[in-house]
Structure formats: structure tokens, C-alpha cells
Enquirer: 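Have a look at this one before I ask anything.
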Amino acid sequence: MALRDIKARIDSTKKTKQITKAMEMVSAAKLNRAEQNARSFGPYVDKIQEVVGSIASGSSNAKHSMLLTRPVKKTGYFIVTADRGLAGAYNSNILRHVYRTILERHKSPDEYALIVIGKVGVNFFKSRKMSVMDSITGVADQPSFAEIKAIASKAVGLYADGTFDELYMYYNHYVSAIQSDLTEKKLLPLTDIATTKSSSSYEYEPSEDEILEVLLPQYAESLIYGALLDAKAAEHASRMTAMRNATDNANELIGQLTLSYNRERQAAITQEITEIVGGVAALE
């Protein structure tokens, strides 16, 4: 390879390194806020779960369709992905898992439908002619509940009106800056909420049934929002790690190219000296 070509590759790799380094720093800043959002939302979900669990386990008269298991004719899948790539295996892991799960569980497209957050997920499933019932893209890096309330309410409503008989949610759970776990959660029916033990004593007004009618949809929507906050933290962490790895790879490549450049330059100088010496010898 010519010296000029090696020098051009070194320069282009250095520019790429600057970009990946900047993206890493941006993702790190976003991760700090996303992590705080996810953790601060946790106590609210825990408390509403405690109240609902107290009613469901403490009264044999309190019944709600969201607490009851029914024969499954159609399954809903709520999937959280990102709008952009450059985040390592963040999107591919969850999409491959959901796709494989659907093919194993269902023989017909009439047996399932998808609700998808994120452009990557929407494009993936639509390109495979799979039934995307609803979707939302362009969710902010630090999302508010108002942004996803409509799609969360619709997902809960589709179960309530019998369109779905069960609803699963898939997202990447944030563990640390270098680890996120693919999570599958059965969102509806809320069959395990009755086992939640309350440490507090409550008096219900006007009635337990009316309270469940209001709280259960809010609780299910809160689980969706909490999963989105969790997934956003995992997304920023994955992108930060991916950009850090890209920066490290760029440094390694620059080192290899610089070594090649010095070798080629030394060889060219040696060749020139040899030619000069040969010319002088010929003159003598």
C-alpha cells in the first residue's frame, strides 16, 4: 500500500475516533439521567402494587377481569426497542428472541399481534410481514409518561375488551453500565399480584371493586412505563459501551497503520539511499 493511502486511512480513522468518543460521552451523560429516572419510578410502582395486592388477596369479593386467567385464543406482545442502532446487541438480542418465540408458540398470524416501541423493532417486524397492531417511534431519551400513555392505555384496553387473552412484555433490563438482561414479563393477566403481601393496613372507600377498576389499569400502564425507563437506561449503557469499544478499535487500527506507515517510509528511504549509492558507484 502506498504511503499516501496509509496516511489517508490514518486520518479517516482518527476522525472516526473523534466521533465515537463524542458519542460515548453523550451516551454516558444520558445514562446518568436515565438511571435516576428508572430508580426514582420504582417506589411508585411498588406502592401501587402493594395497594392492589392488598385488595386482591384480602377480599374474596373483589374481582376484576385483569386478575382472572381465561382461555387463550390470541396473545399480545409488547416489545420495547430503540429508534437507532449503534448500540451493540441491544436491539438484535430482543428481536431475535421475540421472533423465535412467536414462531415456536404460534402456527398462524391470527394467534398473535404486536405492539412495538422503537423504529428498529417496527421495521424488523413489518419487513417480515408480521402483524404490528400499534407502534410508537421517536420516544425521547428521557421519556415522560404522557408520551407513551396512549399506547400503554391501548395495550391495556385491548386486553380488557378481549382482543388479547394474555399480554407479554419484552425489554432490556438495566443491570449496570456493562450489563443488561433480556426480560420477558407476563403483563396481563395480573395473576401474581394477589400474592403480594402488604405491610400496611388500608380502609377502602367507596368499595374495593371500584378501586380496582381505577387502579389496575393504572398499575398495568405503570409497569409499561417503568419498563420503558429501564430499557432507556439499558439502551444508553449499551450505546456507551459500543462507542467505547469502537474508540478502542480505532486506536488499535491507528497503531497498526502507523507502524505500517513507518515501515513503508523506512523502506522508501532505504531504497532512495541505495539508488544514490549505486549512482555514485556507477560514476566512479
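In what follows, residues are counted from 1 in the order of the sequence shown.
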Enquirer: On the six-membered ring of Tyr99, is Arg128 placed so that its NZ or CZ lies under 6.0 angstrom from the centre and within 45° of the ring axis?
Expert: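 Arg128 over Tyr99 ring: yes.
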Enquirer: For Phe78 and Val80, which heavy atoms make the closest approach, and how far apart are they?
Expert: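 Residues Phe78 and Val80, closest heavy atoms: CE2-CG2, 4.0 Å.
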Enquirer: Using a 4.5 Å cut-off on heavy atoms from C-beta on, say whether the side chain of His97 contacts that of Tyr170.
Expert: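 SC-SC contact between Tyr170 and His97 confirmed.
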Enquirer: Please round to the nearest 0.5 Å and tell me the distance separating atom CD1 of Ile151 and atom CG of Asp134.
Expert: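 Output value for this atom pair is 4.5 Å.
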Enquirer: Can you tell me if NZ on Lys17 sees more than 12 non-hydrogen neighbours from other groups inside 6.0 Å?
Expert: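 Open.
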Enquirer: What I want to find out is whether Lys15 reaches Asp11 closely enough, with some N-O distance under 4.0 Å, to be called a salt bridge.
Expert: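 Result for this pair is no, no salt bridge flagged.
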Enquirer: What I'd like to find out is whether the side chain of Glu221 reaches to under 4.5 Å of the side chain of Lys149, using heavy atoms alone.
Expert: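 The answer is yes; the side chains approach within 4.5 Å.
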Enquirer: Where is the tightest heavy-atom contact between Met133 and Lys154, given as atom of each residue plus distance?
Expert: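 So the minimum-distance heavy-atom pair works out to O-NZ, 4.0 Å.
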Enquirer: Hey, can you tell me if His173 and Tyr171 have their rings parallel, tilted or perpendicular (30° and 60° cut-offs)?
Expert: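 Perpendicular: the ring planes of His173 and Tyr171 meet at over 60°.
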Enquirer: Looking at Ala231 and Tyr90, what are the two nearest heavy atoms and their distance?
Expert: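 That closest heavy-atom pairing would be O-OH, 3.0 Å.
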Enquirer: Nearest 0.5 Å please: distance from the CZ atom of Arg239 over to the CG atom of Leu31.
Expert: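 Between Arg239 CZ and Leu31 CG, I get 11.5 Å after rounding to 0.5 Å.
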Enquirer: Answer whether the closest heavy-atom distance between the side chains of Asn91 and Arg84 falls below 4.5 Å.
Expert: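 No, too far: nothing below the 4.5 Å cut-off.
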Enquirer: Is it true that the NZ or CZ of Arg105 lies under 6.0 Å from the centre of Tyr168's six-membered ring and within 45 degrees of the ring axis?
Expert: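 Judged by the rule (NZ or CZ under 6.0 Å from the ring centre, within 45° of its axis), Arg105 counts as positioned above Tyr168.
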Enquirer: Nearest 0.5 Å please: distance from the CD atom of Glu264 over to the NZ atom of Lys7.
Expert: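 Atom-to-atom, Glu264:CD and Lys7:NZ are 15.5 Å apart.
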Enquirer: Does atom NZ of Lys126 have more than 12 heavy-atom neighbours, drawn from other residues, nucleotides or ligands, at distances under 6.0 Å?
Expert: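 No, not enclosed.
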Enquirer: Going by an N to O cut-off under 4.0 Å, is there a salt bridge joining Glu111 and Lys107?
Expert: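 No, this pair does not count.
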Enquirer: Do you know which two heavy atoms are closest between Met66 and Tyr159, and how far apart they sit?
Expert: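 Shortest heavy-atom contact: CA-CE2, 3.8 Å.
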Enquirer: Specify the closest pair of heavy atoms between Val139 and Pro143, including all atoms of both residues, with the distance to one decimal.
Expert: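 In terms of heavy atoms, the two residues are closest at CG1-CB, 3.6 Å.
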Enquirer: Under 4.5 Å between side-chain heavy atoms, hopping through other hydrophobics if needed: is there a path connecting Val120 to Leu86?
Expert: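 Looking at the clustering, Leu86 is in a separate group from Val120.
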Enquirer: Is the closest side-chain heavy-atom distance between Ile79 and Ile115 below 4.5 Å?
Expert: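 No, their side chains stay 4.5 Å or more apart.
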Enquirer: Given Asp181 and Gln179, is the side-chain hydrogen bond (donor to acceptor under 3.5 Å, both in side chains) satisfied, shown in steps?
Expert: CA-CA 7 Å; Asp181 293 340; Gln179 180 185 354; 3.2 Å; yes
Enquirer: After noting the C-alpha distance and the side-chain angles of Tyr77 and His106, does the key distance pass the ring pair (Phe, Tyr, Trp, His ring centres under 6.0 Å) rule?
Expert: CA-CA 12 Å; Tyr77 295 92; His106 307 290; 5.7 Å; yes
Enquirer: Roughly how far, to the nearest 0.5 Å, is the OH atom of Tyr174 from the OG1 atom of Thr183?
Expert: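 The distance works out to 14.0 Å.
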Enquirer: Are side-chain heavy atoms of Glu166 and Arg70 found at a separation under 4.5 Å?
Expert: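 No - every pair of side-chain heavy atoms lies 4.5 Å or more apart.
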Enquirer: What class does the angle between the rings of Tyr225 and Phe41 fall in, given that below 30° is parallel, 30 to 60° is tilted and above 60° is perpendicular?
Expert: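 Taking Phe41 first and then Tyr225, their aromatic rings stand perpendicular (interplane angle over 60°).
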Enquirer: Where do Leu188 and Val156 come nearest, in terms of heavy atoms and distance?
Expert: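 Of all heavy-atom pairs spanning Leu188 and Val156, the closest is CD1-CA, 4.3 Å.
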Enquirer: Can you tell whether the side chains of Asp141 and Lys30 come within less than 4.0 Å, N to carboxylate O?
Expert: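 Yes, Asp141 and Lys30 are salt-bridged.
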Enquirer: Any heavy-atom pair between the side chains of Ile254 and Lys14 that's under 4.5 Å?
Expert: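 Result yes, sub-4.5 Å side-chain heavy-atom pair found.
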Enquirer: Check step by step if side-chain hydrogen bond (donor to acceptor under 3.5 Å, both in side chains) holds for Glu235 and Asn172.
Expert: CA-CA 8 Å; Glu235 177 189 345; Asn172 285 298; over 6 Å; no
Enquirer: Do Ile117 and Leu114 land in one hydrophobic cluster if side-chain heavy atoms of ILVMFWY residues count as linked below 4.5 Å?
Expert: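 Different clusters.
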Enquirer: Would you say that Ser153 contacts Pro217 through its side chain, given a criterion of any heavy-atom pair below 4.5 Å between the two side chains?
Expert: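 No; the side chains remain at least 4.5 Å from each other.
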